[in-house]
Amino acid sequence: MNTLSEKPVEDLTGTEAKAELKRLAALIREHDRRYHGQETPLISDAEYDQLWRRNSEIELRFPKLIRADSPSRRVGTPPSGRFRKVAHRQPMLSLDNAFSDEELVEFEARIRRFLARQPEIEAGQGIEMTVEPKIDGLSASLLYEDGKLSLGLTRGDGRTGEDVTSNLVTIKDIPAGLRGKDWPELIEIRGEVFMTKPDFAKLNQSQEATGAKLFANPRNAAAGSVRQLDSSVTASRPLRFFAYGWGELMGQMPVGQIEFLHQLETWGFKINPLTRLCSSIEEALAHYHTIESQRAELAYDIDGVVYKINRVDWQLRLGKVSRAPRWAIAQKFPAEQAKTNILDIEIQVGRTGTLTPVAKLQPVTVGGVVVSNATLHNRDEIERLGVRIGDRVIVQRAGDVIPQVVEIVIEERPPEAKPFRFPSRCPACGSHAVSEGDDVAVRCTGGLICPAQRVERLRHFVSKGAFDIEGLGRKQIAAFWKQRLIESPADIFTLAARERTQELNLANREGWGETSLSNLFAAIDRRREIGLDRFLFALGIRHIGQSTGRLLAINYTSLENLLRAVDEAADGQSEARRELEAIDGIGPKVTDAIVDFLAEPHNHKIVTELLTEVSVQDFRPPADGSPISGKRLVFTGHLESMTRSEAKARAEALGARVTGSISPKTDYLIAGSGSGSKMKKASDLGVQILDEAAWVALINPK
Ligand code: IVH
């Protein structure tokens, strides 16, 4: 469906152009819908861009034929804007993945290290975990207040979901009221909505019979059915639900995961019948292999197995790392593979200039998903595989990971297969492309003159963890960039003003709806105030991801403080540099990255311009009112009741900053047994010293 007509634009007749504009408008609309509706995209970004380009070229030649519904005339609010957005009371987390038994053993070892001071762990006992299939559906969060279902949300971005209550209540596995009396005052119940394989086949048959669109796989069918505007359509779809967890809970905490699952059953939910409580890692892995061996016969799709530490008190101690709990992990099934041809190899330029070769494939279904692009990773990988354009190859797809080319089928190499020469210049800006040291990545040296890097940075700037502006996603940024309306972050915030002074005249010239424009401007305005952690992440500085951004925010509180410290460090003031590097989790690499970034005049300009448009809010520690919120802590010596990593995680969750060395700014030194030089330094500087009992009392106030 994504094939382009081959005829050059110059040769098109008026009638042909008209027909093609119609086809392109429908095609682009369909791809937008799939993209925003979380269905599997059928084409790559590059192919999508090509459709756009062709549309613009034809419009340029035949301006009279521009359609009212042309993609060039809208920036578009995603259709997902249709449902009310509601914040989850507790975020819906995702899971870390393991891809082998060894990685699972490593997970268990990590838990043991973290909980090393627990008597059961010290005694070498097995760790109990629940082991259950990972259902390939879509997760939902159901809020029950006084036992009554009051709200049903999709996962959304994990913090905010869409209100699909009226659709979820039509699912028979979801009780409108909890059975019995033994329920908490308020609880968010989490689980997976899915469709069985036979039900999916039947649904597609009837879709076909009525000429309606077909679904690619059961997961898409389930997702499409839940996100229906008309709940009678949802009601007609054979949806099911397995419950597996909770979010907010006001009432009695369960003692174990398995006890909770049994409780869910008494309330009227279905839980997955393959769920087991295993008492050791060996037993857990054995159950994984049992589930794996039954996979093909199961009535529903699963893409792995989820392991959860059973003890809820341990779950609470383990907490989470950014968006995933430390106490759970998914083990994915080995990847699925398929054979196809490489039609071409393209080079994509990333945000930091990395050139990534991407194989354009003859579309092929791999484990139920149509794949038309696969990554070749880097120059070395192309050499290692010895891949040529035209080769027959095996591609593989594992879960949500980008499909990759794993090997070539040399016996089936066609005679015309063409070797690929990795470019020595950036395809986007023509600058030299080089690899430094032992880094396998080949990078464009064009920096800010490279349009590809700039547009990728902008895309990063508006991405979910960064400014996250509603209605301004990757696609819209690309469209604005193409029209040269947004070239740097500050331009986003001056759009409305430029529109008012008629400089852009978007409303008339581009033919946007008044409403979609005012929605966009309102969404942009809502982000004029932004938290320091998000702001730092949004800048796209190398090595500064979400958690490092947060770490800097916790430690410096305000942008002003941080910029001053970076300035001083750049000036060679070793005290400022030492302080940055002393933060547990920062170190010299990050320090260099941020110093270098701001030393670049262009970056400095971007930040300065941006600051005339947005105000960066000081970091507010999450647990206001906690006695260590905003305090600087140093740990030393050996703690009996918890490991150093747990102590640090607890401190940070309560809003404290943890550093490695004592300075006059340190608030507390927490000294376990065997503390040495730090004790002396602390008392010299008058820093308050806490022993373990005082520390435990501090974080567990009565
Ligand atoms: S537990 C904090 N259990 O997998 C734990 N998730 O990659 C979070 N999923 O968004 C989830 N089956 O949609 C859990 N038995 C299961 C699951 C499951 C499927 C999905 C869920 C979640 C995603 C995380």
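Counting starts at 1 for both ligands and their atoms, in listed order.
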N/O of Glu132 under 3.5 Å from N/O of ligand 1, yes or no?
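By distance alone, the answer is yes.
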
Looking at [atom], what's its closest protein heavy atom, distance included?
| atom | answer |
| --- | --- |
| atom 10 (O) of ligand 1 | Ser139 OG, 3.5 Å |
| atom 23 (C) of ligand 1 | Lys134 NZ, 3.9 Å |
| atom 12 (N) of ligand 1 | Ile135 N, 3.0 Å |
| atom 8 (C) of ligand 1 | Leu93 O, 3.8 Å |

Scan Arg526, Arg527, Lys464 and name whichever one has a salt bridge (Lys or Arg N to Asp or Glu O under 4.0 Å) with Glu470.
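Answer after filtering Arg526, Arg527, Lys464: Arg526.
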
Can you spot which of Glu248, Arg89, Gln90, Arg190 makes a side-chain contact (heavy atoms from CB on, under 4.5 Å) with Ser141?
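Among Glu248, Arg89, Gln90, Arg190, the one that satisfies the side-chain contact (heavy atoms from CB on, under 4.5 Å) with Ser141 is Arg190.
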
Can you find a pair of side-chain heavy atoms, one from Val105 and one from Glu102, that are under 4.5 Å apart?
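They are not in side-chain contact.
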
Among Asp136, Thr196, Asn272, Asp199, exactly one meets side-chain hydrogen bond (donor to acceptor under 3.5 Å, both in side chains) together with Tyr300. Which residue is that?
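It is Asn272; the other options fail the test.
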
Heavy atom of Pro133 under 4.0 Å from ligand 1?
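Within the 4.0 Å threshold, so yes.
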
Any heavy atom of Pro325 sitting closer than 4.0 Å to ligand 1?
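Under 4.0 Å: yes for Pro325.
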
Check ion pair Arg650-Glu652 (N to O, under 4.0 angstrom):
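Judged by the 4.0 Å cut-off on N to carboxylate O distance, Arg650 and Glu652 do not form a salt bridge.
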
Between Glu128 and Arg311, is there a side-chain N and carboxylate O pair less than 4.0 Å apart?
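The answer is no: the pair does not qualify as a salt bridge.
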
Proximal candidate to atom 17 (C) of ligand 1 [heavy atom criterion; set Trp327, Trp246, Tyr244]:
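The nearest heavy atom belongs to Tyr244.
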
Can you tell which of Gln257, Lys308, Glu192, Lys332 gets a heavy atom nearest to atom 3 (N) of ligand 1?
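Among Gln257, Lys308, Glu192, Lys332, the closest heavy atom to atom 3 (N) of ligand 1 belongs to Lys308.
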
Considering only heavy atoms, does Leu95 approach ligand 1 within less than 4.0 Å through its side chain, its backbone, both, or neither?
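The answer is both.
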
Can you tell me which portion of Arg155 lies within the under-4.0 Å heavy-atom range of ligand 1? Options are side chain, backbone, both, or neither.
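Under 4.0 Å from ligand 1, Arg155 contributes side-chain atoms alone.
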
In terms of relative ring orientation, are Phe194 and Phe242 parallel, tilted or perpendicular, with 30° and 60° separating the classes?
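Geometry flag for Phe242 against Phe194: parallel rings.
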
Using only heavy-atom distances, determine whether the side chains of Asn167 and Arg237 contain a donor-acceptor pair under 3.5 Å.
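The criterion, which ignores hydrogens and geometry beyond distance, is not satisfied for Arg237 and Asn167.
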
